[in-house]
Structure formats: structure tokens, C-alpha cells
Amino acid sequence: MISIADIIRQSWNLYISKFKKYLPVLAAIFAITAAMEVVDILAIDIFHLADIWKTAVIIATGILTYLLTFVITIILVILSNKLLDNKKGGVSVQEIKDVFLHAFWVVVAVALITAGGF
């Protein structure tokens with residue numbers, strides 16, 4: 001069995017050696033987060049919406065940001081798996097669909113276990 005230190009070392013080496021392939025995906029996370037923050041700022045400071053609408057916008061952008069970054073995280077995992085196997089680095093929508101539900105249930109299970117631990 002591979003040790004945790006070896007897993008971290010291999011992950012870091014993969015990331016450094018394939019940085020250019022990861023960069024667009026990492027940029028997408030930054031762009032999505034930045035765009036949602038701009039929407040929040042517009043809703044709160046510029047448009048002076050009523051408190052209920054400010055809250056609705058903040059909740060909606062939070063959920064949308066979470067879902068989009070969740071999909072991007074799935075893309076990162078699929079991409080990393082392909083790069084480890086020395087395959088082409090592209091990720092298709094079908095590949096994301098194939099693992100989305102499974103990844104979602106893993107997140108739900110982890111959240112329940114974490115909440116139960118507290």
C-alpha cells in the first residue's frame with residue numbers, strides 16, 4: 001500500500017509537471033468565484049435591493065458557485081486520473097455525467113458523517 005507521504009509527493013509532482021493542463025481549470029474556479037462576488041456586490045451596494053432580495057441573491061450565488069466549483073472539482077479529478085495514466089488530458093461532458101451522481105452522494109455522506117461527528 002502506498003503511504004500518504006508518497007501520495008502527496010506524487011500529487012505534487014503531477015501538478016508541477018502538468019501545470020499548463022491544470023491552469024484553465026483553475027482559472028475557471030477563479031472566474032466563477034469572482035463573477036459571483038461581483039453579482040453579490042452589485043446586489044448589495046449598487047442596486048440597493050431590499051433585504052429579502054439581497055439575501056435571495058446571496059443564497060442563489062452561493063449555491064450556484066458551489067455547484068459550479070463542484071463540477072470543476074470533478075473535472076480536476078478526471079483530468080488528474082487521465083494524466084496519471086498518460087492519456088489525453090481532455091474531459092468530456094459524458095465523463096462528468098457518469099460520475100456526478102456518485103460524487104454527489106459521496107459529498108452528502110461526508111457531510112452527514114461530519115455533522116454527526118460534531
Side-chain angles (χ1 to χ4, degrees):
M1 179 182 250
I2 189 169
S3 71
I4 292 175
D6 286 337
I7 291 172
I8 293 171
R9 190 175 304 106
Q10 287 179 8
S11 298
W12 181 253
N13 290 338
L14 176 69
Y15 176 73
I16 293 300
S17 67
K18 305 292 185 181
F19 180 74
K20 288 183 181 179
K21 295 210 183 255
Y22 284 110
L23 197 56
V25 181
L26 299 173
I29 291 174
F30 174 79
I32 289 167
T33 305
M36 292 303 144
E37 288 302 318
V38 168
V39 170
D40 286 347
I41 290 169
L42 289 173
I44 294 169
D45 294 334
I46 306 296
F47 294 130
H48 302 292
L49 298 175
D51 286 341
I52 188 72
W53 291 111
K54 287 180 190 177
T55 303
V57 167
I58 290 170
I59 290 171
T61 57
I63 291 170
L64 186 59
T65 301
Y66 180 78
L67 289 175
L68 291 173
T69 54
F70 179 68
V71 170
I72 291 172
T73 302
I74 292 171
I75 291 169
L76 280 171
V77 170
I78 294 170
L79 179 62
S80 295
N81 189 42
K82 285 184 172 190
L83 293 174
L84 281 171
D85 292 339
N86 293 319
K87 295 180 182 175
K88 183 182 172 199
V91 177
S92 69
V93 173
Q94 186 60 43
E95 290 173 308
I96 297 167
K97 284 181 181 179
D98 290 344
V99 299
F100 184 85
L101 194 57
H102 300 289
F104 175 78
W105 288 118
V106 168
V107 168
V108 169
V110 168
L112 291 173
I113 291 168
T114 303
F118 283 116

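Distance check: K87 NZ to I78 CD1 gives 11.5 Å after rounding to the nearest 0.5 Å. Taken to the nearest 0.5 Å, the CG atom of L83 stands 6.0 Å off from the NZ atom of K18. Of the inter-residue distances, the one linking M36 atom CE with L64 atom CG reads 4.0 Å to the nearest 0.5 angstrom. Here the CG-CD1 distance, from D40 to I46, works out to 12.5 Å after rounding to the nearest 0.5 Å. With rounding to the nearest 0.5 angstrom, the CD1 atom of I72 is 10.0 Å from the OG1 atom of T65.
Linking ILVMFWY side-chain heavy atoms closer than 4.5 Å, directly or via other members, places I32 and I58 in two distinct hydrophobic clusters. In the hydrophobic clustering of ILVMFWY residues, with side-chain heavy atoms under 4.5 Å counting as a link, I44 and V39 come out apart. Note: the hydrophobic cluster containing V93 does not contain L79 (ILVMFWY, side chain heavy atoms under 4.5 Å, direct or indirect links). When hydrophobic clusters are built by joining Ile, Leu, Val, Met, Phe, Trp and Tyr residues whose side-chain heavy atoms come closer than 4.5 Å, directly or via intermediates, L67 is not grouped with V106. In this structure, I59 is not a member of the same hydrophobic cluster as I41, with clusters built from ILVMFWY side-chain heavy atoms closer than 4.5 Å.
Formation of a donor-acceptor pair under 3.5 Å by the N81 side chain with backbone atoms of V77 is not found in this model.
For residues 46-74, the ring pair (Phe, Tyr, Trp, His ring centres under 6.0 Å) pairs, not counting sequence neighbours, are F70-F100.
Cluster partners of M1: none. The rule joins Ile, Leu, Val, Met, Phe, Trp and Tyr whenever side-chain heavy atoms lie under 4.5 Å apart, and it links nothing here.
A donor-acceptor pair shorter than 3.5 Å cannot be found between the side chains of S80 and Y15.
I29 has its side chain within reach of L76: a pair of non-hydrogen atoms, C-beta onward, lies under 4.5 Å apart. Residues V57 and L42 form no side-chain contact, since every pair of their non-hydrogen atoms from C-beta on lies 4.5 Å or further apart. For the pair E95 and K82, the minimum side-chain heavy-atom distance is below 4.5 Å.
Residues satisfying the side-chain contact (heavy atoms from CB on, under 4.5 Å) criterion with L112, sequence neighbours excluded, are V108.
With a 6.0 Å radius and a threshold of 12 heavy atoms from other residues, nucleotides or ligands, I2 has its CD1 atom above the threshold.
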Exercise. Yes or no on side chain to side chain donor-acceptor pair (under 3.5 Å) for Q10 and D6, after CA distance, side-chain angles and deciding distance?
Worked result: CA-CA 6 Å; Q10 287 179 8; D6 286 337; 5.9 Å; no
